[in-house]
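Following: one structure in C-alpha cells, then a few remarks.
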Amino acid sequence: MKEYLYSAFKEAENKIPQLKEIPISFDIPKSIEHGDLSSNAAMLLTKSLKKNPKAIAQEIIDSLNLDHSVISKAEIAGPGFINFFFTPTYTTQIIKKILDKKDNFGKSEKYKGKKANVEFVSANPTGPLTVGHGRNAVVGDTVANLLEWIGYEVDREYYFNNAGRQMRVLGDSVKLRYLEALGEDVNFPEDYYQGEYIKQIAKQLYLKYGNKLRNEDPESIFKDTAEQEIFVDIKKSLQNLGINHKIFFNENTLYEDGKIEKLLLVFKEKNLSYEKDGAVWLKFSELGQTEDKVIVKNTGEPTYRLPDIAYHAVKMDRGYDLLIDLFGSDHNATYPDVMAGLKAIGYDTSKVKVLIHQFVTIMDGGEVVKMSTRKANYITLDELNDEVGKDVVRYFFNMRNVNSHMIFDLAVAKKQSDENPVFYLQYAHARISSILRRVKEEHLEVSIEHLNLLIHEDEQALLKVLHNFKEELFNSAENLEPHKLCTYLYDLAGAYHKFNRSCRILGTEKNLAEARLALAYATMIVIKNGLSILGVSAPEQM
RNA sequence: GCGCCCGUAGCUCAAUUGGAUAGAGCAUCAGCCUUCUAAGCUGAGGGUUAGUGGUUCGAGUCCACUCGGGCGUACCA
C-alpha cells in the first residue's frame, strides 16, 4: 500500500517541488476513521510554503494522480493530515501474494550477499545456564533469525574464556570436592562454586580414578573435566531452546595465535600505550574515553580489554558486514573501551552494533530471587524449560523491549501458563488448521476467484494487518527488536479471532466461503512464518 | 559523585521512532456456545504517561533540572 503512495508522491514532485525537501512517510492511523494510511506532508511544508496546512493538503491531493480502483478517497482531516482510503478490492490482493510465496512470504533480499555475525550467550563454563541467561540466549537467536529473513547470511557465535580467575576457582572447587569424596576433611571456601554439579563432576573423577588424582594440579584434569562437562550441559540447554551456535570461540586461541602479542605491539608502535607501575596502559583518554586504563596487569596477565579488542579484530577480519554483540547491562561500561581500541587500530566500528539488554528480575510469588552461580542460588534454564516449555520461554523473553527491566514471576509463569499470550497466537494457527481439515469434507477449496467478496469490516481489518507483515518484520529486523514482531503477531491473531467469530465459512455461500478460506489460509501462513522466526512452534491442533 | 538504562491503568507491558481520542493482557464487573476448538468474542470501570519547566502546528517520545529504581564505575569478566 505504501509503495503505491510513494510513487504517487514522487510524481507529484513535478507540480510541488518542495515535496523533495521533506521526508515523505505514511503512518497507519490508530482510528479507522482516519483511513488506511495518512501523510503529514502538508504540515511539514507550512514553513517553506507559508500557507496554512489545510490549503497545502488540498494542493497535494490535487497534484496526486490517484487511481480510483486503488484509492477510494483522500481527505483532509485534523490539523492538516491527508488520509487515504484504499478500495476493498485492492486490499484483498495481498492474499495472492501470500499464497504465492507461502513459507517465504515476508522474506526480503535487501541484504542478500551480506554476512552478519551475532555473538550471544558467551557465558564462561563455570556452571549451568540459568534463567538469567535466558533472555540473552533467546533474543540473540531471534535477532539472528530476523537478519536471515532480510537476506543476511548469519553466523551465530559463542565467545568464552577457559583461563583466568573464574576458571581457576572452578578447578579448585572441583579438586576440593574430589578430596572430600576421598574422605578428607576439607575447608570449602564460601566464595567457591557451591553448586551440586561440582560434586557430581568430582564424584565422577573419583569413580574413574580413585585416589590417583590426589596430587594433580587443580588446573589440569579437574578444571578441564569441569569445563567439558559444563559445556556439554550448556550446549544441551541451548539446543533445548532450538539454539545452535556455529562457532565456539575460545579466548585462548588469541594467545596461541599470537594475536594478543601482535596487538600489544601495534598499540606500542602507534604510541597509544605506555608503562606505569609495572602495568601497560592504553591511552583511552586520547581516544575519546574519560581515562586511561590498564590492558596488561603488573602480573603480566592482560585485562579483559586486550583480548576483547583482539577478538573483535579477528571477527572483523573475517569480512562480516555486520557484527552484533549482545550482552546484559552489567557489561555496559566495557564496550566503549573495546570500540575505541578497535577504531584506534583502523577498524570501521560502525559495522558493530552493541545490543544491551536490561536484567530480568526473577520473582517467585512475591519475592525477588537473587541469582548467583557462585552461591549456587539459581534456577536453571532447563528447569524453566521443563516447567513451561520452549514455546513459552522463547515467546516470553522475546516479547519485551530489551531496554525494559522485565519481571519474570515464576509462580505466574507456572500457574498461568494457559494464559500466556503465546497460546493466543498458536490457537489462531490451530483454529485455521482445523478449518482446513474440516472443509475437505464439505468440498470447499481455497480459492482466489472471488476475493472481491471480502468486504466485511472484520475481513478488511484482517487484510490490512496482513499488508503490514513485511514492513513490521523489516522494522523488527533492522532495529534488532524482536519484541516488535511479537506485538505484530499478537495483533494479527486478534484480528483473526475477530474475523473467525463474525465471518463463518461453513454454511456460507460457496464463493464467499472459498474467498474466506483463502484469507484464513493466508493468515495461517503469516502466523506460521512469524512464529518460526521467533522459534516458536505453530501447532496444527491444541 | 559520574556513566548507561528505566519510570505509562491495581499488576505485567505496548505505542508505527515527533502525529489525531495513550492501547493490550492479567485482575474486577456484565453479556455471548444445538453453528469451523469458549486457550475465543462483545461491553464496562480503571490515566495529570513520576514531577517541573522548555523546544513547535503537535511531546509518553526531543532538551534541562528534580525525585525514585536497576546496572556499572577494577591491575574481575
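Just the heavy atoms: all of them, side chains too, but no hydrogens, waters or symmetry mates, feed the values below. Chain naming here is simple, since letters A, B, ... match the order of the sequence lines and numbering starts at 1 in each.
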Write down the distance between [atom1] ([X]) and [atom2] ([N]), rounded to a whole number of angstrom.
X: A:Met406; N: B:C13; atom1: CE; atom2: P; value: 7 Å
X: A:Ile407; N: B:G7; atom1: CD1; atom2: P; value: 13 Å
X: A:Lys498; N: B:G25; atom1: NZ; atom2: P; value: 10 Å
X: A:Asn52; N: B:U56; atom1: CG; atom2: P; value: 20 Å
X: A:Asn403; N: B:U61; atom1: CG; atom2: C1'; value: 13 Å
X: A:Arg501; N: B:A39; atom1: CZ; atom2: P; value: 12 Å
X: A:Asp391; N: B:A39; atom1: CG; atom2: C1'; value: 14 Å
X: A:Leu462; N: B:G40; atom1: CG; atom2: P; value: 17 Å

Would you confirm whether the ring centroid of A:Phe120 sits within less than 6.0 angstrom of the ring centroid of A:His245?
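Distance test on ring centres: under 6.0 Å, yes.
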Would you please indicate yes or no on a ring centroid separation below 6.0 angstrom for A:Phe84 and A:Tyr4?
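Judged by ring-centre distance (under 6.0 Å), A:Tyr4 and A:Phe84 do not meet the cut-off.
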Could you check whether [X] pairs with [Y] (Lys NZ or Arg NE/NH1/NH2 to Asp/Glu carboxylate O, under 4.0 Å)?
X: A:Asp458; Y: A:Lys498; result: no
X: A:Asp325; Y: A:Lys353; result: no
X: A:Lys315; Y: A:Glu119; result: yes
X: A:Lys297; Y: A:Asp277; result: no
X: A:Glu472; Y: A:Lys484; result: no
X: A:Lys51; Y: A:Glu59; result: yes

Contact class for [X] (heavy atom, under 4.0 Å): base, sugar-phosphate, or nothing?
X: A:Ala430; answer: base
X: A:Arg438; answer: sugar-phosphate
X: A:Asp308; answer: nothing
X: A:Cys486; answer: nothing
X: A:Gln541; answer: base

So if I take every side-chain heavy atom of [X] and compare against [options], which nucleotide ends up nearest?
X: A:Thr487; options: B:C36, B:A14, B:A77; value: B:A14
X: A:Arg400; options: B:C13, B:U35, B:A15; value: B:C13
X: A:Asn161; options: B:A77, B:A38, B:A74; value: B:A77
X: A:Tyr304; options: B:A77, B:U35, B:A15; value: B:A77

Give me the distance, rounded to whole Å, that separates [N] from [M] when you measure between the [atom1] atoms they each carry.
N: B:G23; M: B:G60; atom1: P; value: 12 Å
N: B:U61; M: B:G46; atom1: C1'; value: 24 Å
N: B:G54; M: B:G18; atom1: C1'; value: 16 Å
N: B:C4; M: B:C65; atom1: P; value: 11 Å
N: B:A14; M: B:G47; atom1: C1'; value: 15 Å
N: B:C63; M: B:U55; atom1: C1'; value: 7 Å
N: B:U21; M: B:A15; atom1: C1'; value: 14 Å
N: B:U12; M: B:G7; atom1: C1'; value: 14 Å

How would you label the glycosidic angle of B:C26: syn (within 90° of 0) or anti?
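Classified anti.
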Anti/syn call for B:U17, syn if |chi| within 90°:
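Syn conformation for B:U17.
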Which residue, A:Ile435 or A:Ala333, contacts RNA chain B at a nucleotide closer to its 5' end, judged by nearest heavy atom?
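The residue whose closest nucleotide sits nearer the 5' end is A:Ile435.
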Find which nucleotide of RNA chain B each of A:His483 and A:Tyr496 is nearest to by heavy atoms, and output the residue with the more 5' nucleotide.
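Final value for this comparison: A:His483.
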Roughly how far, to the nearest 0.5 Å, is CE of A:Met167 from CG of A:Asp224?
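Result: 8.5 Å between the selected atoms.
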Once base and sugar-phosphate atoms are separated, protein heavy atoms under 4.0 Å mark nucleotides 66-71 of chain B, 5' to 3', with B, S and - as ---BBB
5' to 3', nucleotides 16-22 of chain B under a 4.0 Å protein heavy-atom cut-off (B base, S sugar-phosphate only, - none) gives BB-BBB-
Read 5' to 3' with Watson-Crick or G-U pairs under 3.5 Å, [ ] for crossing pairs and | for partners on another strand, RNA chain B gives (((((((..((((.....[...)))).(((((.......))))).....(((((..]....))))))))))))....
Hey, is NZ on A:Lys293 packed in by over 12 heavy atoms from elsewhere, all under 6.0 Å?
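Result for NZ/A:Lys293: enclosed.
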Can you confirm whether more than 12 heavy atoms, excluding those of A:Glu261, are under 6.0 Å from its CD atom?
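No - once you tally the heavy atoms of other residues, nucleotides and ligands closer than 6.0 Å, there are 12 at most.
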With a 4.0 Å cutoff (strictly under), does any side-chain N or O of [X] reach OP1 or OP2 of [N]?
X: A:Thr334; N: B:C76; result: no
X: A:Lys297; N: B:C76; result: yes
X: A:Tyr424; N: B:C41; result: yes

A:Tyr496 six-ring centre to A:Arg431 NZ/CZ under 6.0 Å and within 45° of normal
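Checked: cation-pi criterion not met.
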Distance-only side-chain donor-acceptor flag, A:Asn403 / A:Gln358, under 3.5 Å
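Side chains of A:Asn403 and A:Gln358: no pair found under 3.5 Å.
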Side chains of A:Thr142 and A:Arg394 only: does a donor on one sit below 3.5 Å from an acceptor on the other?
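Side-chain D/A pair, A:Thr142 to A:Arg394: present.
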Kindly indicate, with the supporting measurements, whether the criterion side-chain contact (heavy atoms from CB on, under 4.5 Å) is fulfilled by A:Ile94 and A:Leu463.
CA-CA 7 Å; A:Ile94 191 71; A:Leu463 283 160; 3.8 Å; yes
